[in-house]
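Following: one structure in structure tokens, then a few remarks.
In listed order, ligands and their atoms are each counted from 1.
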Amino acid sequence: MAVVFVLNGPNLNLLGRRQPEIYGHETLADVEAACIARGGALGLTVSFHQSNHEGEIVETIHRARDEAAAIVINPAAYTHTSVAIMDALLAFDGPVIEVHLSNVHRREEFRSHSWVSKAATGVICGLGSHGYLLALDAVARLVDAEAG
Ligand code: DQA
């Protein structure tokens with residue numbers, strides 16, 4: 001089974017308790033369980049990660065070069081600041097799907113710019129945690145297409 005790394009950036013460990021009017025009431029553990037279930041149904045093994053540290057996210061992306069066929073990433077605030085995460089993703093050969101729970105384009109102006117989008121195959125935002133599942137659907141198709 002193809003392995004997909006699902007990566008989550010800073011403050012997403014507080015999901016469900018952090019600004020629920022924006023990010024919803026589900027916890028990150030709920031999102032992880034839903035991703036593992038959807039991945040299983042699609043024939044994908046989901047390896048789920050969260051970190052509040054930019055360098056740790058960069059190193060996990062480096063690991064993905066050897067261990068994963070695709071990456072789904074919600075870089076959270078690093079979306080808008082991290083050239084290092086963009087560069088790490090550019091050094092990854094498989095599909096990269098960027099996910100945001102909220103519609104970043106309806107919010108403050110600074111959230112409309114994403115460094116990570118420059119390294120993403122596709123971007124999903126504004127659909128809450130369902131966006132992660134749609135990203136896995138996309139990965140399944142893209143990985144299949146690559147396998148020919
Ligand atoms: C987010 C949007 C970012 O702007 C924000 O910094 C986050 C979460 C989202 O999932 O909507 O932490 O990535």
Show which atoms of ligand 1 fall inside a sub-4.0 Å distance from at least one heavy-atom site of Arg18. 7 (C), 12 (O)
for atom 11 (O) of ligand 1, nearest protein heavy atom and its distance come out as Ser102 OG, 2.6 Å
Regarding Thr79 and Glu98, is there a side-chain donor-to-acceptor distance under 3.5 Å anywhere? no
Tell me whether Asn11 reaches ligand 1 (any heavy atom closer than 4.0 angstrom to a ligand atom). no
Are the side chains of Phe5 and Ile61 in contact, using a 4.5 Å heavy-atom criterion? no
Under 4.0 Å between heavy atoms, the region of Val99 that gets near ligand 1 turns out to be neither
For ligand 1, the portion of His100 having any non-hydrogen atom under 4.0 Å away: both
Give the contacting part of Glu98 toward ligand 1: side chain, backbone, both or neither, where contact means a heavy-atom distance below 4.0 Å. neither
Of Val123, Val6, Leu142, the one forming a side-chain contact (heavy atoms from CB on, under 4.5 Å) with Ile97 is Leu142
A student checking ligand 1 against His80 at a 4.0 Å heavy-atom cut-off should list atoms 3 (C), 4 (O)
Donor on one side chain, acceptor on other, His49 and Ser47, under 3.5 Å: yes
Protein residue, atom and distance nearest to atom 7 (C) of ligand 1, heavy-atom basis: Tyr23 OH, 3.5 Å
For a quick check under 3.5 Å, do Tyr23 and Asn11 share a side-chain donor-acceptor pair by atom type? no
For the residue pair Arg107 and Ile22, establish whether any side-chain heavy-atom pair is separated by less than 4.5 Å. yes
What is the closest protein heavy atom to atom 9 (C) of ligand 1, and at what distance does it sit? Leu101 N, 3.4 Å
Checking heavy atoms under 4.0 Å, the part of Asn74 that sits near ligand 1 is side chain
Using side-chain contact (heavy atoms from CB on, under 4.5 Å) as the criterion, list what pairs up with Glu59, not counting sequence neighbours. none
Atom 6 (O) of ligand 1: which protein heavy atom is closest, and how many Å away? Arg111 NH1, 3.1 Å
Considering the heavy atoms of Ala77, write down every atom of ligand 1 situated less than 4.0 Å from one of them. 6 (O), 12 (O)
Pairing residues for Glu67 by the side-chain hydrogen bond (donor to acceptor under 3.5 Å, both in side chains) criterion, not counting sequence neighbours: Arg63
